[in-house]
Amino acid sequence: MALDPTLLSILACPQDKGPLLLVGDELLYNPRLHRAYPIEDGIPVLLVDEARTVGDDEHEALLARATGPATD
């Protein structure tokens, strides 16, 4: 299930309040903090405790797959 573009335009990282990148339909990614937030059943889980830290290799892979900033 794809996220609504209007919703994507207002979502921000709960930790640094900056824009997020959408990666497929599976997660929102903050490249500044290397933090990935899951999307479960079409609902973004924007809780700092639910995010996972991403290593350098995965960071590059996520950037390559990202469709653009969620706030664009």
Side-chain angles (χ1 to χ4, degrees):
M1 172 189 285
L3 291 177
D4 182 280
T6 303
L7 175 62
L8 288 174
S9 71
I10 61 173
L11 292 178
C13 175
Q15 195 166 359
D16 74 357
K17 311 302 186 242
L20 297 165
L21 300 175
L22 177 64
V23 181
D25 287 335
E26 63 208 54
L27 61 89
L28 292 166
Y29 182 57
N30 180 334
R32 298 166 307 284
L33 301 178
H34 290 227
R35 301 284 287 167
Y37 295 90
I39 298 173
E40 296 176 0
D41 297 322
I43 301 169
V45 181
L46 294 176
L47 301 171
V48 174
D49 292 342
E50 295 293 322
R52 64 181 174 82
T53 301
V54 170
D56 290 336
D57 291 338
E58 187 179 4
H59 169 78
E60 293 300 324
L62 290 175
L63 289 179
R65 292 180 49 215
T67 57
T71 57
D72 275 354

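When a residue number appears, it is its place in the shown sequence, counting from 1.
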Practice item. Please report the shortest heavy-atom distance between Arg32 and Cys13, naming the atom on each side. Key: NH2-CB, 4.4 Å
Review point. How far apart are the C-alpha atoms of Val48 and Arg35, what are their side-chain angles, what is the distance that settles it, and do they pass the side-chain contact (heavy atoms from CB on, under 4.5 Å) test?
Key: CA-CA 9 Å; Val48 174; Arg35 301 284 287 167; 4.3 Å; yes
Review point. Side chain to side chain contact (heavy atoms under 4.5 Å, CB included) with Glu26: which residues, sequence neighbours excluded?
Key: Arg65
Check your understanding: Does some side-chain heavy atom of Leu8 sit less than 4.5 Å from a side-chain heavy atom of Leu28?
Key -> yes
Exercise for review: May I have the step-by-step check of side-chain contact (heavy atoms from CB on, under 4.5 Å) for Val23 and Thr67, ending in yes or no?
Suggested key: CA-CA 6 Å; Val23 181; Thr67 57; over 6 Å; no
Point to revise | Side chains of Pro44 and Leu11 in contact at under 4.5 Å (non-hydrogen atoms) | key: yes
Exercise for review: Evaluate the side-chain proximity of Ile39 to Leu22: yes if any heavy-atom separation is below 4.5 Å, no if none is.
Suggested key: yes
Check your understanding: What residues form a side chain to side chain contact (heavy atoms under 4.5 Å, CB included) with Asp4, not counting sequence neighbours?
Key -> Thr6, Leu7
**Study point:** Sequence-distant partners of His59, ring-ring contact (aromatic ring centres under 6.0 Å, His included), two or more places apart
**Key:** Tyr29, His34
Point to revise | Residues forming a salt bridge (Lys or Arg N to Asp or Glu O under 4.0 Å) with Glu58, sequence neighbours excluded | key: Arg52
Study note, to complete from the structure: Of all heavy-atom pairs linking Pro31 and Leu21, the shortest is CG-CD1, 3.9 Å
Practice item. Could you identify which residues cluster with Leu33, counting Ile, Leu, Val, Met, Phe, Trp and Tyr as linked when any side-chain heavy atoms lie under 4.5 Å apart, either directly or through a chain of such contacts? Key: none
Review point. Atom CG of Leu27 and atom CG of Leu20: how far apart are they, to the nearest 0.5 Å?
Key: 10.0 Å
Check your understanding: Is there side-chain contact between Val45 and Pro38, with at least one heavy-atom pair below 4.5 Å?
Key -> yes
